[in-house]
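Residue numbers count from 1 along this sequence.
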Amino acid sequence: MSEKAKRYAIFAIGLFINSLGVSFITTADLGTSPISSIPYVLSLNAPLSLGQFTILFNLLIVLVLKKQFQWEHWLQVPVTLLFGWFIDLTMVPLAAIAPQTYLWKLGFLLLGCLILGFGVYLEMAANVAMLPGESFVRAVSTTWHRDFGLTKIVFDVSMSLTAAGLSLILAHTLDGVREGTLIAALLVGLVARTCRRVQHRLQHQGVG
């Protein structure tokens, strides 16, 4: 397998892992992940699934920031479609084993954060394409010379606050935005950053 093919394979795996992480966090029912908070709030108030609203939301980011993406811009479209489909696909089996107690819900949430953070890291490691949200974070971190993980935390918090505002407007309550959203906002970027640091450390030690 060529180096380019390996990178695309890593990216595809990372994309699926991302969707699995989102589904775990959403199934925990403590508030979904920040990057999915806006689509999730909309899905609770309209007859479209989380995956479908995720597709629409990410395509909107592509249209708004298309000048930032250059050649990568067009690749965002199939990536976004696949990601939304993966989310709806992975939500089905997890819904059947949805946790009922708060402790189990917290466990689902934390596991989902680890999975999603690792998926984000794999996207960065593949370096072939990213989801529009992560592409935006990368553009900001590169332009302003900021750490990707820290920039993602700021981005995630912003998405969560926007989703909370939408929920209050549409449902007059905080449906879909809870303590789990805040926990995910803090942990996912931290996990991605930690994985990246471990990779750099191993490379400096001549491993891999």
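Across every non-hydrogen atom of Asn18 and Val120, the tightest pair is OD1-N, 3.1 Å. The two residues Thr151 and Arg146 come nearest to each other via the heavy atoms OG1-CB, 3.5 Å. Contact between Asn45 and Ala171 at its shortest, heavy atoms only, is OD1-CB, 3.6 Å. Phe118 and Val191 get closest at one heavy-atom pair: N-CG1, 3.8 Å. Closest heavy-atom contact between Leu48 and Leu56: CD1-CD1, 3.9 Å. Across Leu30 and Arg178, no two heavy atoms sit closer than the pair O-CB, 2.9 Å.
Hydrophobic clustering of Ile, Leu, Val, Met, Phe, Trp and Tyr side chains at less than 4.5 Å, counting indirect connections, keeps Leu161 apart from Leu168. In this structure, Ile10 is not a member of the same hydrophobic cluster as Leu114, with clusters built from ILVMFWY side-chain heavy atoms closer than 4.5 Å. Residues Val154 and Val177 fall into different hydrophobic clusters, defined by Ile, Leu, Val, Met, Phe, Trp and Tyr side chains chained together at heavy-atom separations under 4.5 Å. Leu44 and Leu174 are not part of a single hydrophobic cluster, where members link through side-chain heavy atoms under 4.5 Å apart. Hydrophobic clustering (side-chain heavy atoms under 4.5 Å, transitive across Ile, Leu, Val, Met, Phe, Trp, Tyr) groups Ile115 together with Leu94.
A distance of 11.0 Å separates CG of Leu20 from CE of Met91, quoted to the nearest 0.5 Å. Considering OG of Ser49 and CG of Leu42, their distance stands at 12.0 Å, rounded to 0.5 Å. Taking OG1 from Thr32 and CZ from Phe24, the interatomic distance works out to 13.0 Å, rounded to the nearest 0.5 Å. Distance CG/Asp88 to OG1/Thr54: 7.5 Å, rounded to 0.5 Å. Remark: Phe53 CZ to Leu60 CG distance equals 12.0 Å, nearest 0.5 Å. In this structure, Tyr40 OH and Ser167 OG are separated by 10.5 Å, a value rounded to the nearest 0.5 Å.
For residues 22-35, the salt bridge (Lys or Arg N to Asp or Glu O under 4.0 Å) pairs, not counting sequence neighbours, are Asp29-Lys105.
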Query raised in the report: Could you go step by step and tell me if Asp175 and Val41 meet the side-chain contact (heavy atoms from CB on, under 4.5 Å) rule?
Result: CA-CA 7 Å; Asp175 284 341; Val41 167; over 6 Å; no
Requested in this report: Given side-chain contact (heavy atoms from CB on, under 4.5 Å), test Phe155 with Ile35 step by step and report yes or no.
Outcome: CA-CA 8 Å; Phe155 176 78; Ile35 190 62; 3.3 Å; yes
Query raised in the report: So Gln199 and Tyr121, side-chain contact (heavy atoms from CB on, under 4.5 Å) or not? Walk me through it.
Result: CA-CA 10 Å; Gln199 178 196 18; Tyr121 157 73; 3.5 Å; yes
Report task. Could you give me the CA-CA distance, side-chain angles and deciding distance for Tyr8 and Lys4, then say whether side-chain contact (heavy atoms from CB on, under 4.5 Å) is met? Result -> CA-CA 6 Å; Tyr8 274 99; Lys4 187 174 183 179; 3.5 Å; yes
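Residues Phe57 and Met159 form a side-chain contact, since some pair of their non-hydrogen atoms from C-beta on lies under 4.5 Å apart. Side-chain atoms of Ile25 and Ile183, non-hydrogen and from C-beta on, never get closer than 4.5 Å to each other. Residues Val188 and Ser33 fail the side-chain proximity criterion, which asks for heavy atoms closer than 4.5 Å. Proximity of Trp85 to Ile55: side-chain heavy atoms (C-beta onward) are nowhere separated by under 4.5 Å.
The aromatic rings of Phe86 and Phe16 sit perpendicular, their planes meeting at an angle over 60°, well past the 30° parallel limit.
Counting only distance, with no hydrogens or angles, the side chain of Glu123 and the backbone of Leu131 share a donor-acceptor pair below 3.5 Å. With hydrogens and angles ignored, the 3.5 Å screen pairs no side-chain donor or acceptor of Arg193 with any backbone N or O of Asp147. A donor-acceptor pair under 3.5 Å links the side-chain atoms of Ser37 to the main chain of Pro34, judged by distance alone.
Around CZ of Phe83, the count of heavy atoms belonging to other residues, nucleotides or ligands within 6.0 Å exceeds 12.
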